[in-house]
Structures are given as structure tokens and as C-alpha cells.
Amino acid sequence: MTVAPEASTPVKPYGNKPNHDGIVVRDLSKCFKSGNHAVQALSHVSLEAYSGQVLGILGSNGAGKTTLLNILTTVTRPDAGEAWVGGYSVLTQAEQVRQRLGVVSQDDRFDTYLTLWENLSLHAELHGMPKRQFVPRIERLLKQVDLYERRNSYVELFSGGMRRKASLIRALIHEPAILFLDEPTTGLDPVARRQVWDAILSLRVGRTLVLTTHYMEEADQLCDTLVLMDKGQVLTSGTPTQLKQQVARQQKAALGGQALWQCRFSQPVAGQWLESLQAKAPAGSVIKTPKEDTLHVMMPLENSHWLWVWAASLPQNTLTAIEQPLPSLETVFFALVDKPIALNEDLVSGGLV
Amino acid sequence: MWVLHLKRGIWPIFKKNLMGETRGWFLELLSTIAVPLSFFLAFGLGLRGDIADVDGVPYMAFITPGLIALTIQLEAFRSGSWNLWLSIRHHKTIDEYRIKPISMADILVGDVMSGFTLAIIKGSLVAITLLLLSPFTLTLPKLLAFLAMMLPGAVMFTCLGAVMGVVFRRPDQIAQIQSIIITPLLYLGGLFFPISRFPQAIQNVLVWVPTTAIFEGGRQAFLAGHCPLQMLIGLWVLALIAFFATVAWCEHQLRH
Ligand SMILES: Nc1ncnc2c1ncn2[C@@H]1O[C@H](COP(=O)(O)OP(=O)(O)OP(=O)(O)O)[C@@H](O)[C@H]1O
Ligand SMILES: [Mg+2]
């Protein structure tokens with residue numbers, strides 16, 4: 001059987017099956033209508049993620065992240081477009097897709113009148129796992145997230161963070177090849193968040209992970225590829241560094257011929273170095289020390305060779321790097337989602353603008 | 001046809017619904033027994049002297065099968081509607097089951113089956129309680145005949161509940177349906193008195209209502225030990241149709 005039981009109005013398959021078993025999304029659109037009010041939750045979204053990769057989806061509230069995940073997990077049907085998960089079409093091969101899925105949904109969906117153990121074993125049974133296989137696995141996962149002692153408590157008595165952890169391990173019981181995590185660390189304490197990060201990094205081998213998050217630090221640390229969404233559309237995508245470079249270029253243009261340089265030292269910056277720099281630097285340069293071993297210099301781009309002249313005059317092995325700092329991911333988010341472009345947050349916090 | 005989509009999900013879903021009910025079982029048991037027991041005490045004992053035997057049967061024995069049937073049908077409607085309503089609107093677990101490699105038909109069949117099973121279990125508990133209090137003895141053939149009449153009713157009421165659980169967004173709407181449709185259906189179907197006491201015009205309508213067959217037929221089975229064949233066949237046919245139609249309709253509604 002290859003036809004999904006819930007396949008209602010058949011959507012015409014779009015293009016050919018992709019040649020890898022990660023995730024391929026082509027031109028997905030979805031509109032929610034209620035009465036005379038319509039929300040275009042997704043419009044012409046395309047993206048790709050390979051096995052072994054962590055794909056991060058960023059975007060403001062209502063950007064369409066959960067809708068996209070719902071389509072990829074065969075919960076919602078798109079109006080147009082096609083998507084393959086694990087090499088199978090979500091439209092015509094929902095069953096095969098579901099066998100390979102692990103999902104941590106944004107709202108932790110539990111039968112709260114059952115105990116945690118009952119919830120977890122129910123889901124293992126629905127995946128067709130035999131008892132001798134799932135019992136040790138659930139025990140191991142429960143111990144990993146410190147929920148073993150609470151296994152016989154009713155889920156309705158759990159705190160938000162405990163439900164989040166429970167959701168996460170539930171998605172892992174059947175060792176899925178594709179994992180969707182909708183804001184997996186929202187509501188977790190710092191220790192638990194680290195645990196989840198470690199878990200995600202260790203899980204990526206041989207799997208495809210898709211996660212959404214509102215924490216830029218998390219996206220930066222965990223994701224190989226990022227997709228930035230707004231109002232149902234993909235604004236841009238790339239590695240975290242690519243996105244930062246993209247914004248750095250825009251900011252360079254906005255700074256009008258000025259450039260920011262960051263000098264890092266192996267020891268605290270000495271007073272006489274600063275004096276020599278101030279003496280050599282062209283007029284109009286701004287020099288700051290945001291940290292005691294870091295120096296920020298903003299100067300016209302065409303005069304920046306002065307910096308190297310000055311660097312050569314310093315004692316050996318004191319200056320470790322001269323670089324143009326990339327903006328943080330948070331700045332990228334503000335710059336790309338919150339148009340018009342906000343001038344470099346990092347420069348502002350560094351005190352240069 | 002949904003039958004073709006059935007997979008291994010029925011049993012886990014069925015089991016989970018029953019497991020949920022064992023929680024706080026003592027209060028659950030008391031609340032199940034309280035209503036029929038009150039009626040039994042009020043009408044059966046309190047008014048014993050005032051109500052004559054009905055068709056040669058002591059009134060206490062007359063209302064016992066009716067009260068058991070009432071419990072079963074009410075419980076069937078209750079669990080049929082709330083199981084699905086909670087799963088769709090409150091816990092949102094329907095989306096969690098949907099992403100498992102089972103079909104929507106599994107979920108619905110599991111829900112409906114657990115609904116009428118639970119109803120029969122609770123009905124049996126009420127039966128035990130009432131039989132302990134009345135001089136009446138129930139033989140096995142009578143019990144089997146009675147259950148044969150009860151089961152199709154339980155299936156129908158669970159199905160009716162399931163449809164309500166899918167249709168309505170707010171919980172109070174289900175309660176309203178229960179007051180407006182279910183309660184009159186049950187109370188007028190010959191629970192407290194034979195429908196032959198009604199004026200002929202009303203009787204003509206009531207003979208077409210399935211609950212009449214459930215109560216009248218159930219009582220005959222319970223007291224005499226034989227099922228009125230016409231009613232039995234009619235109820236089973238209706239129950240099967242209701243079951244297939246309900247799963248098909250709900251499956252259609254819950255697609256995406
Ligand atoms: N079932 C639905 N019916 C109607 N509108 C919906 C439905 N689901 C989502 N929407 C609308 O689609 C848009 C995108 O919602 P979605 O949940 O995908 O956003 P999101 O990016 O996940 O946001 P958040 O960061 O807040 O989780 C919103 O405007 C939302 O109101
Ligand atoms: Mg969301």
C-alpha cells in the first residue's frame with residue numbers, strides 16, 4: 001500500500017523523487033480560511049536538508065514554522081507544492097514517512113490522565129515495537145533526562161519543562177531517522193537546555209534534524225543550515241556564517257566607506273600600544289576597548305592599511321588576530337526580519353556607533 | 001473503505017482508553033451506581049406500596065433491567081463523545097496519533113470499541129449492585145439474552161457520542177445534546193413503565209425509536225430469558241450500520 005489513507009483530494013505529485021533521504025520541500029503553500037478571513041500561512045516555501053544535518057528554522061511568531069512542520073509530519077495537507085521526507089512523499093506515502101518520523105510538537109500533546117510510563121509505552125506500541133525492545137529503551141531515556149523517578153506520575157502533574165523533556169524522549173523511543181523539533185528548549189532550565197543541546201548534537205549522526213527556535217544562540221550552536229522565514233515566506237537560507245556575512249556586507253554599505261576591525265591580544269592591552277595607535281591612525285578613526293584583551297577600531301576603509309603598520313610595531317606574539325567581526329545571529333535576525341535594516345547591534349554594543 | 005486501512009493501532013488505543021478509566025476507580029464506581037441506585041431506592045422501595053405490579057411483575061424487578069440499560073446507554077454516549085472531544089479539542093493527542101504509522105480508522109475503531117466496552121462493564125457493575133438488593137435472581141441464559149439486547153444499543157450510543165465529539169467545538173454543546181436528545185430518548189423508551197401505557201398515538205411513534213426496543217427487549221430478555229427476535233435483529237442491523245457509517249464519517253471529517 002503506497003496510498004495514504006488520509007489522502008483526500010489528490011494533489012498532483014510535483015517533480016521527481018529526490019535522490020537523497022533527507023528532506024526536500026518544493027513550493028509549498030498553505031492558506032487557512034475561517035469565514036471570510038484568510039491567512040496565508042505558507043507561500044512557495046522551498047528548502048532542503050541532508051542526512052546528518054541540523055536544519056534550523058527561524059522566524060517571528062506566526063511566520064509559519066509550525067505549519068511547515070505540520071505539513072512535513074503529515075498532519076496538515078498543503079494547498080500546493082510537494083515535500084519528501086526520508087525519501088518518501090508526504091502527500092502520497094504518508095505511511096512510510098510516519099514510520100521514520102520523530103516529532104516534538106510545540107504544544108506537548110499528552111494524555112494527561114495517564115502516567116508518563118503509560119504515555120511512552122502507548123507510543124512505542126503504536127510504532128509496533130515489542131515490549132522487550134521498548135521497555136529498556138524507555139528506561140534508559142528516562143534516566144538520561146532525570147525523569148525516571150517520575151515515570152509513574154500522571155502527566156497532568158508535570159511542570160512545563162518536564163513535559164518538554166518527556167516529549168523529547170517520546171520522539172526518540174523508536175529511533176527515528178528524521179526528527180522534527182518545534183521549539184524543543186522553550187521553557188527548559190539552563191541545565192536541561194544544555195542536555196537537550198548535547199542530545200541533539202549526538203543524534204545528528206545519520207539522521208536529519210529539523211528544529212525551530214527563538215533562541216539565536218541555540219540556532220548558531222546547533223544548526224548547520226538556517227532558514228529564515230517571515231509571513232509564510234523564506235527570506236533567506238544558508239549556514240550561520242553565510243547569513244552573518246550577508247548582513248555584514250549590507251552593514252558595510254550602510255556604514256558608508258567605514259570599516260570595523262577587531263584586534264585580539266594574548267594579554268591585556270597596554271596603554272602605550274593604544275597611544276601609538278592613536279598617533280598613527282587617520283583622522284576620524286574611533287578606537288574602543290570593549291574587553292581588556294580586545295580592541296575595536298572603526299576607520300575609513302581606504303586607510304585601513306595603517307592598522308597593519310601599527311601591528312608590526314607591537315612586541316611579538318601579543319596581537320593574535322585582526323579581523324572584521326561578523327554580526328551575531330541576533331543582529332542577522334533583526335536586520336533581515338525587522339526591515340529596514342537596523343544598524344549593527346554589535347557595533348552599538350561595542351560602543352562604536 | 002476504512003476497513004482496508006486498519007492496522008495494529010486498535011488495541012493500544014482501546015487499552016489506553018480503558019486504562020484512563022481505572023484511575024480513581026472508586027469514585028467512578030460510586031458515581032456510576034449512584035443514579036440508578038437512587039431511582040431503584042426511590043421507586044422500587046419508596047413507592048413500593050403505591051405502584052402495583054406491572055404486567056404481573058413486581059415493580060422492583062420491572063425497573064431493574066431498565067436502570068441497567070439506562071446506565072449502559074448513558075455511559076456509552078458519555079465515553080463516545082468525551083474520548084474523541086478531549087483528544088481533538090483538549091489534549092490534541094489526535095495529532096500525536098496521526099503521525100504514528102497507524103490509520104485514523106484504527107484510532108476511531110479503538111475509541112468506539114472502548115466506549116461500548118466500558119458501558120457494558122459499568123452496566124454490569126450496576127447490575128450486580130441492584131441484584132444484591134432485590135430478591136430477583138439472574139440466570140446465565142437470561143444474562144446472555146439481556147447482553148445481546150444491550151450491546152447493539154451501546155454501540156449506537158457510542159457512535160452517536162463520537163459524532164457529537166467530532167462536530168462540537170465547545171464542551172457545553174455536548175451537554176446540551178445530552179439533555180435535549182439523549183435523556184428524552186432514554187426516559188420515554190419504557191424505562192419506568194411499559195410503553196403500552198402511553199396513548200396509542202405516542203406508541204405509534206415510539207415503536208420506531210430504537211431505545212424502545214432496547215428497553216422493552218432488554219426487559220423481556222432479563223425477566224423471561226428470551227430475546228424478541230425482531231427487535232434483536234433490528235437493533236443489530238442498526239448498530240452495524242451506525243458503526244460503519246460513524247467511522248467512515250469521522251475519518252472523513254478528521255482528515256487534515
Ligand atoms: N489551524 C489553523 N487555522 C487557522 N489559522 C492557522 C492555523 N494554524 C496556523 N494558523 C495561522 O497560520 C499562521 C502561521 O502559524 P504558525 O503556527 O505556523 O506560526 P509559527 O511560525 O509556528 O509561530 P510561533 O513562533 O508563534 O510558534 C498564523 O497566522 C496562524 O494564525
Ligand atoms: Mg510555532
Side-chain angles (χ1 to χ4, degrees), chain A residues 1 3-9 11 30 66 69-79 85 90-91 94-115 117-119 121-129 154-156 167 170-171 173-174 176 178 180, chain B residues 1-25 27-28 79 82-111 114 169 247-256:
Chain A
M1 271 284 287
V3 178
E6 281 83 9
S8 49
T9 45
V11 174
K30 176 76 191 176
T66 300
L69 258 52
N70 278 342
I71 291 176
L72 294 180
T73 54
T74 74
V75 172
T76 307
R77 222 175 149 70
D79 299 335
V85 170
V90 298
L91 296 178
E95 158 105 45
Q96 284 91 330
V97 170
R98 288 172 190 166
Q99 269 158 4
R100 289 161 179 78
L101 280 187
V103 180
V104 178
S105 59
Q106 185 169 1
D107 42 350
D108 304 299
R109 301 181 290 225
F110 281 99
D111 285 303
T112 51
Y113 51 87
L114 297 180
T115 65
W117 186 272
E118 286 164 350
N119 268 287
S121 48
L122 167 66
H123 286 263
E125 283 172 22
L126 291 178
H127 270 283
M129 292 173 70
Y154 292 108
V155 175
E156 68 190 10
S167 266
R170 180 173 63 186
I173 297 169
H174 57 293
I178 319 263
F180 290 96
Chain B
M1 185 59 186
W2 57 262
V3 178
L4 300 176
H5 300 146
L6 286 179
K7 296 188 187 72
R8 56 164 178 273
I10 299 176
W11 172 241
I13 297 279
F14 176 85
K15 201 171 59 170
K16 136 197 107 143
N17 284 341
L18 289 195
M19 261 182 335
E21 292 288 335
T22 58
R23 186 178 167 196
W25 59 271
L27 273 183
E28 190 67 45
S79 57
W82 289 110
N83 273 349
L84 263 177
W85 190 87
L86 285 171
S87 178
I88 297 169
R89 310 276 174 203
H90 183 66
H91 301 305
K92 308 268 163 80
T93 41
I94 194 102
D95 287 337
E96 201 59 48
Y97 305 138
R98 210 201 284 272
I99 55 177
K100 307 289 157 191
I102 58 170
S103 70
M104 187 53 80
D106 285 300
I107 302 170
L108 293 165
V109 171
D111 268 346
S114 63
R169 293 187 164 264
V247 176
W249 184 83
C250 293
E251 192 201 25
H252 184 80
Q253 292 297 310
L254 293 172
R255 274 174 196 172
H256 303 286

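Chain letters run A, B, ... following the sequence lines, proteins first, then strands; residues in each count from 1.
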Check: Hey, what do you get for CD1 (I102(B)) to CD (Q99(A)), rounding to the nearest 0.5 Å?
Finding: 12.0 Å
Margin query: With a 4.5 angstrom heavy-atom cut-off, is it the side chain or the backbone of T73(A) that approaches chain B, or both, or neither?
Written below: both
Notebook entry, point to check: Between R23(B) and Y154(A), is NZ or CZ placed under 6.0 angstrom from the six-membered ring centre and within 45° of the ring axis?
Noted result: yes
Next item on the list: Please round to the nearest 0.5 Å and tell me the distance separating atom CG of D95(B) and atom OG1 of T76(A).
Entry: 7.0 Å
Notebook entry, point to check: Between E96(B) and S105(A), what is the shortest heavy-atom contact and its length?
Noted result: OE1-OG, 4.0 Å
Item checked: Note, T112(A) side chain near H91(B) side chain (heavy atom, < 4.5 Å) -> yes
Next item on the list: With rounding to the nearest 0.5 Å, note down the distance linking OH in Y97(B) to CG in L122(A).
Entry: 5.0 Å
Note to self: Please check: side-chain N/O of R109(A) versus main-chain N/O of I94(B), any donor-acceptor pairing under 3.5 Å?
What the structure shows: no
Margin query: Is N119(A) in contact with chain B via its backbone, its side chain, both, or neither, using a 4.5 Å heavy-atom distance?
Written below: neither
Checklist line | Those residues that, when tested against K92(B), pass salt bridge (Lys or Arg N to Asp or Glu O under 4.0 Å) (two or more places apart) | finding: none
Check: Can you tell me how far the CG atom of L126(A) sits from the CD1 atom of I13(B), to the nearest 0.5 Å?
Finding: 5.0 Å
Next item on the list: Look at K16(B) together with E125(A) and state whether they make a salt bridge at an N to O cut-off of under 4.0 Å.
Entry: no
Next item on the list: Give, as side chain, backbone, both or neither, the part of R100(A) having an atom under 4.5 angstrom from any heavy atom of chain B.
Entry: neither
Checklist line | Min side-chain heavy-atom separation H127(A)-K100(B) under 4.5 Å | finding: yes
Item checked: Which of V97(A), N70(A), D111(A), D108(A) touches chain B most, by non-hydrogen pairs under 4.5 Å -> D111(A)
Notebook entry, point to check: Nearest heavy-atom pair of Y113(A) and N17(B): which atoms, and what distance?
Noted result: OH-OD1, 4.2 Å
Next item on the list: Quick one: pull up CE in M19(B) and OG1 in T115(A) and give me the separation to the nearest 0.5 Å.
Entry: 7.0 Å
Note to self: Taking salt bridge (Lys or Arg N to Asp or Glu O under 4.0 Å) as the definition, give me every residue that meets it alongside R8(B), ordered by chain and number, with sequence neighbours left out.
What the structure shows: none
